[in-house]
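Being a predicted model, the structure only gives us computed values, none of them experimental. Every chain is numbered from 1 and lettered A, B, ... according to where its sequence line falls, protein lines coming before strand lines.
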There are 2 protein chains.
Amino acid sequence: MRYSRQRELITDIIKNRCDHPTADMIYGSAREMEPNISLGTVYRNLKLLADEKEIITLETEDKKIHYDGDTSRHSHFICSKCGNIIDLFKPAKTPAEIEELGLSITGEKCIYYGLCNLCANETIE
Amino acid sequence: MRYSRQRELITDIIKNRCDHPTADMIYGSAREMEPNISLGTVYRNLKLLADEKEIITLETEDKKIHYDGDTSRHSHFICSKCGNIIDLFKPAKTPAEIEELGLSITGEKCIYYGLCNLCANETIE
DNA sequence: ATAATAATAGTAATCATTACTGATAACGAT
DNA sequence: ATCGTTATCAGTAATGATTACTATTATTAT
């Protein structure tokens with residue numbers, strides 16, 4: 001894999017964000033530094049980085065892939081009202097039980113749904 | 001919500017399958033009973049049933065929505081080779097911990113990835 | 001520096017899903 | 001039971017995120 005300025009930029013953007021941006025959002029950020037960068041380049045590199053396990057993908061109900069630069073074991077909480085994605089601490093509870101079935105776990109995606117604090121308060125008011 | 005023969009058929013199909021079919025697969029099954037049923041009808045009713053929480057959706061890496069007629073708390077194991085989806089027992093371990101953060105959980109999606117038994121054996125041979 | 005070729009910008013194509021439209025069917029009121 | 005209202009349907013067109021394609025540019029080993 002050759003070096004490319006564009007890929008380094010995309011990697012930096014994801015690794016330095018604590019939200020879970022879509023390709024389009026990353027494209028927007030990238031254009032601030034690299035105005036001519038192509039959306040296709042963003043998608044191609046996101047897929048590359050995901051294949052290399054440099055980043056994680058989250059398939060959500062908004063039909064867009066969200067990317068996460070934090071590859072440590074952790075799960076996510078998605079607000080069912082606003083769709084906001086919040087990082088949760090490492091759960092990793094049942095894997096042992098699952099491996100007793102003969103299934104070897106190489107990754108996990110654990111998502112909980114509900115209202116985030118902001119939206120829960122909104123509803124009350 | 002009015003009764004419709006098509007919706008009943010779609011509901012029956014999902015509830016009586018233990019796999020996690022896509023809209024297209026359900027459409028295929030439905031056409032065996034109802035040859036003129038429309039793909040749009042299948043999609044519309046799947047969305048309706050999901051909104052009513054009669055069924056569950058699974059957003060996976062194959063970019064297709066998979067549907068699950070079992071709405072009881074359970075998680076899924078997806079083979080990263082063949083994409084096969086296997087039901088797992090109820091994990092539901094950390095919700096209490098999560099709710100301590102002030103987040104109220106109304107649903108969860110917990111997916112583990114790895115090789116299913118079939119694919120694991122294939123690799124060895 | 002040069003050649004070989006990975007990576008890019010820009011655009012076209014793909015494909016799951018959704019929206020639209022005129023026809024059909026469910027069902028409460030008569 | 002028929003009628004009128006309107007949800008639902010079949011069929012098709014549109015949408016939109018993602019991927020593929022192509023000519024050009026940039027990286028890197030020699």
**Prompt:** Between Arg17(B) and Asp19(B), does at least one N-O distance fall below 4.0 Å, as a salt bridge requires?
**Reply:**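 Yes, this pair counts.
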[atom1]/[X] to [atom2]/[Y] distance, rounded to the nearest 0.5 angstrom?
X	Y	atom1	atom2	value
Glu8(A)	Glu34(A)	CD	CD	10.5 Å
Thr22(B)	His66(B)	OG1	NE2	6.0 Å
Ser29(B)	Asp24(B)	OG	CG	10.5 Å

**Asked** Tracing side-chain links under 4.5 Å among I, L, V, M, F, W and Y, which residues wind up in one group with Leu48(A)?
**Response**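 ILVMFWY cluster around Leu48(A) also holds Met1(A).
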**Item:** ILVMFWY clustering at 4.5 Å (side-chain atoms), partners of Ile37(B)
**Value:**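 Leu9(B), Ile10(B), Ile13(B), Ile14(B), Ile26(B), Tyr27(B), Met33(B), Leu39(B), Val42(B), Tyr43(B), Leu46(B), Leu49(B), Ile55(B), Ile65(B), Tyr67(B), listed by chain and number.
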**Message:** For Glu61(A), give me all partners under salt bridge (charged side-chain N to carboxylate O under 4.0 Å, His left out), at least two apart in sequence or on another chain.
**Reply:**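 Glu61(A): salt bridge (charged side-chain N to carboxylate O under 4.0 Å, His left out) contacts with Lys109(B).
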Flag the pair [X] / [Y] as yes when at least one side-chain heavy-atom distance between them is below 4.5 Å, and no otherwise.
X	Y	value
Thr71(A)	Glu54(A)	no
Ile78(B)	Asn84(B)	no
His76(A)	Asp68(A)	yes

**Asked** Quick one: what's the B/S/- string for nucleotides 7-19 of chain C, heavy-atom cutoff under 4.0 Å, read 5' to 3'?
**Response** SBBB-----SBB-
**Asked** What are the bounds, 5' to 3', of the part of DNA chain D that sits under 4.0 Å from heavy atoms of chain B?
**Response**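 Under 4.0 Å from chain B, the extent on DNA chain D is dT5(D) to dT19(D).
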**Item:** Axis-to-axis angle between the two ends of the helix from dA1(C)-dT30(D) to dT30(C)-dA1(D) (five base pairs per end, rounded to 10 degrees)
**Value:**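 It comes to 40° between the two terminal axes.
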